[in-house]
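The structure appears below as structure tokens.
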Amino acid sequence: MHKDAEAPARGALISHTDDQAYAAVLPQAHAGGLGIDAQPRIARDALGAVLTQCMGQAERQLIAAQPDPPWAATVLFAAKEAGFKAIYE
């Protein structure tokens, strides 16, 4: 791109953990309604606090029924965060 050219507006999304980072860049016209999130795996000893503070009863039941509840909670928490970003950011 020429240094004097005007760049089109962009929508940018970022998320990171201690050892991972993710970014998405889109033309502004297509950026609305997109959200991303990255979460470290929820530790088994932190699972109860996450479930109590961040999940509703139906979500807690769904997570408890999974073969790996900490992983299921991590995925659901990240999905909820991404959804929030898509709606409000």
Side-chain angles (χ1 to χ4, degrees):
M1 174 184 276
H2 187 274
K3 69 176 182 158
D4 294 328
E6 188 171 317
R10 299 277 185 221
L13 302 164
I14 61 169
S15 189
H16 62 87
T17 64
D18 288 340
D19 61 353
Q20 298 177 358
Y22 303 94
V25 180
L26 306 144
Q28 188 65 39
H30 300 289
L34 182 63
I36 62 172
D37 192 56
Q39 294 292 325
R41 182 183 179 94
I42 294 170
R44 190 164 295 278
D45 62 349
L47 183 59
V50 171
L51 294 177
T52 300
Q53 295 175 19
C54 304
M55 306 293 176
Q57 181 62 32
E59 293 167 325
R60 290 192 296 269
Q61 290 173 342
L62 177 67
I63 290 166
Q66 302 308 306
D68 186 350
W71 179 243
T74 302
V75 171
L76 183 54
F77 186 80
K80 291 172 79 166
E81 287 279 316
F84 181 88
K85 291 174 183 178
I87 294 168
Y88 299 108
E89 291 187 2

Roughly how far, to the nearest 0.5 Å, is [atom2] of [Y] from [atom1] of [X]?
| X | Y | atom1 | atom2 | value |
| --- | --- | --- | --- | --- |
| I63 | L51 | CD1 | CG | 5.0 Å |
| L76 | Q39 | CG | CD | 11.0 Å |
| D68 | R44 | CG | CZ | 6.5 Å |
| Q57 | L62 | CD | CG | 11.5 Å |

Using every non-hydrogen atom in the two residues, find where [X] and [Y] come nearest and quote the distance to one decimal.
| X | Y | answer |
| --- | --- | --- |
| L47 | P69 | CD2-CB, 3.9 Å |
| A38 | S15 | N-OG, 2.8 Å |
| I14 | K85 | O-NZ, 4.1 Å |

(message) Main chain of M55, side chain of R60: is a donor-acceptor contact present, judged purely on distance under 3.5 Å?
(response)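 Yes.
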(request) Return each pair, listed once, that meets side-chain hydrogen bond (donor to acceptor under 3.5 Å, both in side chains) where at least one residue sits in residues 70-84; pairs must be two or more places apart or across chains. (result)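 Sorted pair list: E59-K80.
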